[in-house]
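Report on the following structure.
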Amino acid sequence: MAFGPYLLLATLEGLVTAAVLSLTALGLSLVFGVMRIVNVAHGEFFMLGAVLAWFFSTLVTGHPALGFLLALVLSPLVVGAVALVSERLVLRRLDYNPEATIVATIGLLYIIQQIVLTVYGPEARPVVAPFDVRIALPWFGYSGYKLAVIAASVLVIAATWFLLTKTRIGLVMRATQYDRETAQNFGIPVDRVYAGVFALGAALAAIAAVLVVPIQQAHYLMGLDPLLLSFIVVIIGGLGSLRGTVVAALLIGLSDGIISVFFSPTLAKMIATLLVAMVLVFRPQGLFGTAAR
Amino acid sequence: MAAVKPLLAVRDVHKSFDGLTAVDGVDFDLPAGEIRAIIGPNGAGKTTFVNLVCGRVMPDSGQVLFAGEDITHLPAHARVRRGIAYTFQITSVFTQLSVYDNVALSVQRTLIDHKERGESRFSAADLRRGVDHALERVGLSDRSAMPAGELAYGHQRLLELAMGLALKPRLLILDEPTQGLSDSEIEGFGVLVREIAADATVLLIEHNMPVVMALAHRITVMDQGRVLAEGSPDEIRANADVQHAYLGVSGDA
Amino acid sequence: MADKTAMRSLLLHVAVIGVLLALNFVLPEYHRGVFSRILVLAVFAMGYNLLFGYCGLLSLGHAMFFAAGLYGAGLTVYHLDWGVAAGFAAGIMAGATLALAIGLLALRTTGVAFMIVTLMFSQVFYLTTLYFTTWTRGEEGLVLRQDVRQLGLGGVSLDLSDPATRYFVALALFAVVLFATLAIARAPLGRVLVAIRENEERTRMLGYDVFANKLAAVVLSGLFCAAAGAAYALLFGYVGSSFAAIQYSILPLLWVLLGGAATTLGPLVGTLFMFYVIDIASGFTSAYMLVVGVALIVLVLFFPRGIVGAIRERWLPWLP
């Protein structure tokens with residue numbers, strides 16, 4: 001095969017990866033940025049979103065798009081609700097102590113994983129794509145659904161960006177992020193902002209998961225990779241920076257395909273993880289971020 | 001050389017934070033055995049200056065000499081081992097540890113140093129003796145088993161002082177030591193500082209003017225990152241510049 | 001007064017070892033096997049406790065130190081035909097060297113960044129064991145044959161696969177590390193580590209090089225954990241990459257939290273308790289991850305000081 005078609009294919013696949021990854025990482029970044037906590041269970045919210053997507057899509061007979069749309073609406077809502085409940089019951093009582101929160105979210109990770117394993121089982125299950133169109137490109141046909149995933153991600157990211165920068169809710173969130181105490185003194189209900197942000201972060205992961213299940217099957221262990229990759233993206237992009245997160249996701253997504261061509265996937269992961277650890281050691285503010293305040 | 005070398009000599013140090021100048025070219029000599037007070041309005045750069053001396057902050061330029069040795073680039077912990085002890089403005093004893101263990105941290109530091117210089121061996125008995133002695137000096141012997149966090153505030157300040165003393169420093173820096181103490185506690189504290197000065201040099205930052213006038217041999221006045229005046233308590237009291245910059249507005253100091 | 005406390009705690013520790021020794025003769029075969037394993041894993045927990053409990057550094061990557069010991073011993077014995085003693089030494093050296101390197105890098109960070117960095121380095125170690133499948137056989141692992149697990153000791157050859165011998169060797173290692181921990185906790189080093197945990201800046205201003213002391217804690221902790229890993233490989237004859245996975249970084253944290261951080265006996269109590277909780281729970285349900293998850297959350301919410309920590313707080317303030 002000539003170089004051109006290969007490059008185009010790698011780029012498209014990379015863009016799909018990047019699109020899903022930036023949504024997932026955005027959720028993690030938002031939670032870290034505003035609440036200053038690391039949610040280790042973030043990957044499980046992603047997994048839960050995918051499994052629920054399968055469940056909702058089986059409820060509806062008829063055109064696959066109906067089930068998919070139902071999943072796209074309900075799955076993030078349910079995951080957001082689960083996150084909200086865990087935030088109220090556990091994280092708030094820990095007063096968001098960073099280290100206790102990590103231990104608690106590890107506990108949450110195990111609980112969600114076990115419940116899904118018990119209820120849903122160890123099988124990997126696919127969800128049928130809402131439509132099956134192949135777009136004719138110069139050298140080959142390409143799944144129209146995958147292109148739609150890219151478009152949908154861009155849309156959701158744009159909406160999040162709008163929410164953060166142009167609305168009152170966003171202003172309140174940014175004020176809380178900037179200085180919790182002052183925000184509280186100005187009458188911002190910091191407590192409710194935290195709950196909302198935690199739920200929103202989880203819902204973003206769930207949206208990413210719903211988008212991904214027609215391409216990748218739902219499985220109870222599928223949360224680990226998105227978690228580690230989101231960590232990587234958030235660290236490289238600079239903790240809590242929306243633009244950095246998107247740029248880093250593009251970088252990782254696009255390079256992921258190319259690295260795995262030259263190296264075995266294991267070696268690629270080894271090198272990537274080691275590099276990111278080094279970034280964190282020597283440039284904790286990330287490659288694009290500015291120094292923490 | 002005929003002239004007595006000062007214990008501490010600071011040459012033209014500068015320090016700014018994010019473009020704000022905190023210390024702006026200070027020269028400072030402190031002879032051994034003196035009790036020196038640094039006074040000045042809030043934001044005059046006093047705390048930054050002593051932090052430059054003890055190494056918690058590194059200068060942008062200038063030199064710090066201690067006992068004739070250039071310590072400008074030494075990290076803080078190494079300066080402590082050379083004899084510069086610092087007690088914190090905000091009491092920061094180890095609240096979870098017993099009073100005994102708080103002081104033992106200082107005593108074991110000196111014992112380890114002795115051992116490394118081959119002067120003596122490290123023994124548990126020496127450690128206990130050292131701790132008991134330091135607690136006795138500040139009058140906390142009967143509280144040695146208590147967690148430091150359960151001490152009354154005034155006693156925590158005394159513990160802080162005991163920790164400084166137990167390091168057997170040549171220079172003891174006290175950052176606002178009487179803040180929050182009652183009048184009777186301040187009186188006892190003054191007696192203690194005079195005792196300490198018998199074998200150590202004392203540098204203190206203090207807002208309480210009667211304490212400064214009673215204790216200090218000499219006073220350095222700082223304003224806007226510079227030394228405004230230096231002299232005996234009487235000279236400082238009589239200095240017009242000082243009155244203008246500081247004593248005149250002592251109401252909000 | 002201080003002497004009396006020291007005497008009392010020394011007696012308590014000797015008594016604990018005595019009870020464990022006696023258990024060898026009364027425990028049924030199955031439980032003796034479980035206890036051998038618990039003793040070795042409690043050494044892992046004690047190593048973790050030294051860094052997390054005393055020095056206050058929460059690592060999420062200690063599986064790499066355990067696995068360094070496991071592979072250091074396992075690979076040399078399996079591929080190079082080294083003796084058991086040499087293999088054990090190799091395991092410890094591997095762990096201590098790795099801990100030194102990781103410490104030099106990871107200690108540049110603090111707090112959450114330290115946790116993530118250690119997690120990532122450990123993940124790299126795990127992937128490395130998978131990548132060199134030719135030597136490690138990855139998840140499937142290596143099995144050390146019975147005839148290579150013989151410890152020559154002055155003319156006598158001890159068979160490490162024999163249940164009683166295994167129990168004694170595990171107990172001997174446990175005792176050594178327990179008394180080492182007790183000694184460190186009482187020594188100047190222990191006091192400095194706790195001081196660093198409580199207030200780093202104040203400790204620095206008492207003349208202590210905080211970085212050097214933290215590094216010492218990381219290396220000692222890595223060494224203990226590697227000793228546990230090496231012993232595990234030699235006593236149980238299995239060396240697999242699952243021991244390097246994230247789960248084995250979480251477990252020691254769980255054991256220490258449960259038993260009581262910064263207590264000498266907490267790691268043993270926590271490991272013992274968790275093992276039997278899972279053992280009993282698995283009689284009712286296969287959902288053992290649920291037990292771990294709920295335990296973690298209940299612990300951080302309601303018992304942040306753990307079992308031994310709570311006992312010390314309420315009844316026995318002299319407990320080390």
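Residue numbers begin at 1 in each chain, while the letters A, B, ... track the order of the sequences.
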Among B:Leu105, B:Val93, B:Asn102, B:Ile112, who wins on heavy-atom pairs under 4.5 Å with chain C?
B:Leu105
Straight-line distance of C:Thr264 OG1 to C:Met46 CE, nearest 0.5 Å:
9.0 Å
Among C:Thr203, C:Val210, C:Val192, C:Asn199, which residue has the highest count of heavy-atom pairs closer than 4.5 Å to chain B?
C:Asn199
Tell me whether B:Glu185 is salt-bridged to B:Arg157, with the criterion being a basic N under 4.0 Å from an acidic carboxylate O.
no
Between B:Arg81 and B:Glu116, is the closest basic N to carboxylate O distance under 4.0 Å?
yes
Toward chain C, the part of B:Leu127 with a non-hydrogen atom under 4.5 Å:
side chain
Can you check whether B:Phe88 and B:Tyr86 have ring centres sitting under 6.0 Å from each other?
yes
Over 60° means perpendicular and under 30° means parallel, so classify the ring planes of C:Tyr248 and C:Phe66, tilted if in between.
parallel
Chain C contact via B:Leu111 - side chain, backbone, both or neither, heavy atoms under 4.5 Å:
neither
Note: vs chain B, highest number of non-hydrogen pairs under 4.5 angstrom among C:Arg197, C:Arg204, C:Arg202 is C:Arg202
